[in-house]
Amino acid sequence: MLRATAIGTALLALLTAAVDAQRRVELPARDAVLRTQPAPVWTVGADEGESWEMLSNVVAMGFDRTDQLFVLDQGNHRVLVFDARGRFVRQFGKQGGGPGEFQAPMGLLVLNDGRVAVLDLGKRAWSVFTATGTHQTDVFIPEELGFPRPGEAYALPDGSIMARSMPALRMTAGGPPDLSAAQKSPVYRLTMTDRPAASTVYEFTLPPPTVRTQSGGGGQRMVMAMVSSTVFEKQPSYAALPDGGVAISTTNDYAIEIRDARGAASRTLTRPLQPRRVTRQDQELAREERRRQMEAGPRGAVFMSSGGGVRSTQASAMPAAQVEEQIRNMTFAEQMPVIERIWSDPTGRLWVQRSSREAGGATPIDLIAPGDRYVGTVSGVRLPSAVSPSGLAAWVERDALDIERIVVRRLPVDWK
């Protein structure tokens, strides 16, 4: 009888643990609107002036613990440093393939110990510098992790980083690789040492790429593999958590799965918000926006993989006939996902960017503090590029004359 009771207790404990791992945390159904807006602190960027004022495609930024802002000015192959009041401190880096030089810089992180890591796709490595700009080492990304995905990396409190990669497409002896199967996009932790160690936290499953063959000069064929882009289709998103865990968004509804540092499911944050049907007006607005972007032409450089390496080529505007062909071939999902993207800042706060409720409408952002506490919802504000522990936030903006500027604002107290 005692043995049966013990077995029953053990089974109950296992069942309880399984239920807890899948528990749902219901966040409030109605938006608590936060009307206070971030207050301007400093701005930098000019058409003419000092060299450090003239920006050329800022792609990443990061604050250190003293509120210094490190800016990756991609077009100029350099990192700019500004103090908490916006005064220029220094710059480091230049174009090239040597130590401390950049070939294809695409990302920047300020590490927990104050060092700065720049993701260089040309080297397939993170170039690590001291806070004063002295190059220390290049941390090469293991080839099995695939192609680094810029803009989706976080510095963790233990000194490592969390990042995401796209699938590695390898050529075979007879031509392009087999692309019929779904591809894996891993989220992984990487130690920032001379001998980096990587561990996978989560894997997204992506649809098979579309293969296109084009004729090139001299009778050559060019084979391109690309993941098809269906407008409004849910794009998987993740955010790193301070304890080494991860937040995941993969479905059309409002569901954010929280996993611990081992990758085990912990809980799911939900709100009773439902995806809506994509309308004809949504489609027309998307076509107009795509046309505007393509006619303006891409900014900066385009990075292409070639022979295992990465090279950059100057971007150029697409011919009008090709623009219209692209517009005609646009495809659309049937539903608009509730969540467009999730992101986290150094305090562990989640920024949940929702899709527009109406065609052309503002995109609301939910703020969720550590402990699964819903802080409120803000509107009319884009996700920042960087947030400091003290509450400064940085954005890249362009004025009416298309002059690029960095704008730093202080986040309101009630956003915490």
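The chain is numbered in sequence order, starting from 1. For clarity, every value in this text was computed on a predicted model and none was experimentally measured.
- Ser185 and Arg164 share a donor-acceptor pair across their side chains, judged by distance under 3.5 Å alone.
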* Asked: Is there a salt bridge (Lys or Arg N to Asp or Glu O under 4.0 Å) between Arg405 and Glu397 once you walk through the steps?
  -> CA-CA 5 Å; Arg405 288 189 170 88; Glu397 298 181 355; over 6 Å; no
* To do: Please assess Gln103 against Asp120 for the test side-chain hydrogen bond (donor to acceptor under 3.5 Å, both in side chains), listing each intermediate value before the final yes or no.
  => CA-CA 6 Å; Gln103 295 178 0; Asp120 191 336; 5.9 Å; no
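- Looking at Arg267 and Glu257, no side-chain N of the basic residue comes within less than 4.0 Å of a carboxylate O on the acidic one, giving no salt bridge.
- A donor-acceptor distance shorter than 3.5 angstrom exists from the side chain of Lys123 to the backbone of Glu101, with no hydrogens or angles considered.
- Remark: side-chain polar atoms of Glu404 are paired, donor with acceptor, to backbone N or O of Val58 under 3.5 angstrom.
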* Asked: How far apart are the C-alpha atoms of Asp138 and Arg124, what are their side-chain angles, what is the distance that settles it, and do they pass the salt bridge (Lys or Arg N to Asp or Glu O under 4.0 Å) test?
  -> CA-CA 9 Å; Asp138 288 332; Arg124 194 187 170 81; over 6 Å; no
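- Aromatic ring orientation, Tyr238 versus Phe204: tilted (interplanar angle from 30° to 60°).
- For the residue pair Thr251/Tyr254, the side-chain donor-acceptor check at 3.5 Å is not satisfied.
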* Would you check, one step at a time, whether the test side-chain contact (heavy atoms from CB on, under 4.5 Å) holds for Val116 with Gln136? => CA-CA 10 Å; Val116 179; Gln136 285 191 326; over 6 Å; no
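- In this model, a donor atom of one side chain and an acceptor atom of the other lie less than 3.5 Å apart for Ser249 and Lys234.
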When the side chains of residues 332-344 are checked against the rest of the protein, which donor-acceptor pairs come out under 3.5 Å, sequence neighbours left out?
from   : atom 1 : to     : atom 2 : distance (Å)
Gln335 : OE1    : Asn252 : ND2    : 3.2
Glu340 : OE2    : Gln353 : NE2    : 2.8
Ser344 : OG     : Ala240 : O      : 2.6

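- In summary, Asp366 and Arg271 engage in a salt bridge, as defined by a charged side-chain N under 4.0 Å from a carboxylate O.
- Judged purely by distance below 3.5 Å, without hydrogens or angles, the side chains of Thr130 and Thr132 pair a donor atom with an acceptor atom.
- Identified under the ring pair (Phe, Tyr, Trp, His ring centres under 6.0 Å) test for residues 105-142, with sequence neighbours left out: Phe92-Phe129, Phe102-Phe129, Phe129-His135.
- For the pair Arg90 (side chain) and Val79 (backbone), a donor-acceptor distance under 3.5 Å is absent.
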* **side-chain hydrogen bond (donor to acceptor under 3.5 Å, both in side chains) assessment of Asn76 paired with Ser56** => CA-CA 6 Å; Asn76 290 315; Ser56 178; 4.8 Å; no
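- Looking at heavy atoms from C-beta onward, Arg259 lies out of side-chain contact with Ser266 at the 4.5 angstrom threshold.
- With respect to the salt-bridge test (charged N to carboxylate O, under 4.0 angstrom), the residues Arg328 and Glu325 do not qualify.
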* To do: For salt bridge (Lys or Arg N to Asp or Glu O under 4.0 Å), just list the numbers for Arg35 and Asp414, CA-CA rounded to whole Å, side-chain angles, deciding distance to a tenth of an Å, and then say yes or no.
  => CA-CA 9 Å; Arg35 303 193 183 281; Asp414 60 353; over 6 Å; no
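- One finds no salt bridge joining Glu288 and Arg291 here, because no Lys/Arg side-chain nitrogen approaches an Asp/Glu carboxylate oxygen to under 4.0 Å.
- Between Pro38 and Trp395 the shortest heavy-atom distance is CG-CH2, 4.2 Å.
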